[in-house]
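For reference, the structure is listed below as structure tokens.
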Amino acid sequence: MAKILPIYGGQAVIEGVMMGGKYTTVTAVRRKDQSVSYFEAKKKEFRSLSLFKKIPVIRGIVAIIEASAIGTKHLNYASEVYDEEPGQTEAKQEVSKKGFHLETVIGLTAIGILSFLFAKFIFTLVPAFIANLFEPIISGDIAQVLLEGFFKILLLIGYVYFISLTPMMKRLFQYHGAEHKVINTYESGAALTVANVREHSRLHYRCGSSFILFTAIISIFLYFFVPTEPLWLRLIYRIALIPLDLGLAYEILRLTNKVRHIPVLGWLGYPGLWVQLLTTKEPDDDQIEIGIHAFEKMRHRESVIEQNQALVDQVL
């Protein structure tokens, strides 16, 4: 029987990579003086949410909120530490060990969640407005929904394509590729060396880029069940369906990851992989090295936390 590997994920940050496990998340950043700085943010288990994490669809919404909150903390750390003078390295690393103050954590969590929701609202409402402009020419609920879905996917792909042309986003997408390559290398069982990682794919079935595309595709099917006229009612339904859309997309993402090695069924994840051709770029060796640093540091911290938890369980 094949060994079941832990599920790891991550994201790209400014000049670095964040890797996350079951208990903690770790970011490695390449500073201007070429040194590597680390930041760790342990995952907090809220008992009030534990039940919701077991309910299909709803668990996806909880996961998105947690990912937005954690990701914002790591992005904030990376942007701050990269711009600092080399002499401030030790001081910043000491602060990272202590963690953020409660007020900062709450603020960053709110920013991460609100930023995600704002973007979701834009990519949900703008296509509805545009499709409605064509109503005199292309009318009927089915035609309008299909037209709206076309504009939504076009807006999403176009946005990603144009931001990928900027130097800053190109480097960010290279680190995104490094993150995927490291995880793919680990899941293949190969040693985490720069040479091995370079040979693996920069695409991955569990990527958030795939999730975003799935929300656009699933929304098209959901909109068939609600009216498109008048416009104000159409917009209200679009907003009301956002939680269901997010939850279903999360379940589809999990499903495509589970069946990715099954012939034919593996094709279900292809649309998401195609989007990743835009959201990831081939990293250089230094960027791959940062991805390895982040992953190994995270794995080490996960091991320490598990050992400490085992000791506590023995005492109890």
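FYI, side chains are in, hydrogens and waters are out, and symmetry mates aren't considered; it's all heavy atoms of this structure.
- Taking the charged nitrogens against the carboxylate oxygens, R30 and E289 do have a contact shorter than 4.0 Å, which makes a salt bridge.
- When the shell of 6.0 Å around CD1 of I142 is examined, it contains 12 or fewer heavy atoms from other residues, nucleotides or ligands.
- With contacts defined as side-chain heavy-atom distances shorter than 4.5 Å, the pair T279/S164 does not qualify.
- Inter-residue side-chain proximity for P127 and L155 is flagged as met; some heavy-atom pair is nearer than 4.5 Å.
- Using a 4.5 Å heavy-atom threshold, the side chains of L231 and F129 count as touching.
- I7 forms part of no hydrophobic cluster, judged by ILVMFWY side-chain heavy-atom separations under 4.5 Å.
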Can you list, pair by pair, the side-chain donor-acceptor contacts under 3.5 Å of residues 188-195, counting residues two or more places apart and other chains?
{"residue": "S188", "atom": "OG", "partner": "T185", "partner atom": "O", "Å": "2.6"}
{"residue": "S188", "atom": "OG", "partner": "A190", "partner atom": "N", "Å": "3.4"}
{"residue": "S188", "atom": "OG", "partner": "H200", "partner atom": "NE2", "Å": "3.0"}
{"residue": "T193", "atom": "OG1", "partner": "N196", "partner atom": "N", "Å": "3.1"}
{"residue": "T193", "atom": "OG1", "partner": "N196", "partner atom": "ND2", "Å": "3.3"}

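- A ring pair (Phe, Tyr, Trp, His ring centres under 6.0 Å) check over residues 161-199, counting only residues at least two apart or in different chains, returns the pairs Y8-Y186, H176-H180, Y186-F295.
- Remark: E199 does not engage K181 in a salt bridge, criterion side-chain N to carboxylate O under 4.0 Å.
- Using modelled atom types, one finds a donor on one side chain and an acceptor on the other under 3.5 Å when comparing D141 with T228.
- R299 has no carboxylate O lying under 4.0 Å from a charged side-chain N of E306, or vice versa, which leaves the two without a salt bridge.
- Side-chain contact between I157 and Y159 is absent, with no heavy-atom pair separated by less than 4.5 Å.
- Remark: side-chain polar atoms of S35 are not paired, donor with acceptor, to backbone N or O of R31 under 3.5 angstrom.
- Considering only heavy atoms from C-beta on, R59 comes within 4.5 Å of R254 through its side chain.
- With rounding to the nearest 0.5 Å, the separation of CG in L246 from CD1 in I212 is 10.0 Å.
- Between L125 and I239 the shortest side-chain heavy-atom distance falls below 4.5 Å.
- Of the possible polar contacts, one joining the S79 side chain to the L75 backbone as a donor-acceptor pair under 3.5 Å is found.
- Sequence neighbours left out, the pairs with a member in residues 167-177 that pass salt bridge (Lys or Arg N to Asp or Glu O under 4.0 Å) are E15-R171.
- Expressed to the nearest 0.5 Å, how far OG1 of T72 lies from CG of N76 amounts to 8.5 Å.
- For the side chain to side chain donor-acceptor pair (under 3.5 Å) with T27, the lone residue among K297, H74, H293 that qualifies is H74.
- No close placement of the F123 and F151 rings is indicated, their centers lying 6.0 Å or farther apart.
- Residues satisfying the salt bridge (Lys or Arg N to Asp or Glu O under 4.0 Å) criterion with K152, sequence neighbours excluded, are absent altogether.
- With hydrogens and angles left out, the side-chain atoms of E302 and T24 include no donor and acceptor closer than 3.5 Å.
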Verdict with supporting geometry, E148 and R238, salt bridge (charged side-chain N to carboxylate O under 4.0 Å, His left out): CA-CA 11 Å; E148 182 180 342; R238 299 305 185 255; 2.9 Å; yes
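- In summary, the side chains of Q144 and R234 do present a donor paired with an acceptor at a separation below 3.5 Å, with no hydrogens or angles considered.
- Among pairs with a residue in residues 212-261, none fulfils ring pair (Phe, Tyr, Trp, His ring centres under 6.0 Å), at least two apart in sequence or across chains.
- In this model, a donor atom of one side chain and an acceptor atom of the other lie less than 3.5 Å apart for H204 and E187.
- Atom NZ of K43 has more than 12 heavy atoms from other residues, nucleotides or ligands within 6.0 Å.
- Side-chain atoms of T25 and E40, non-hydrogen and from C-beta on, never get closer than 4.5 Å to each other.
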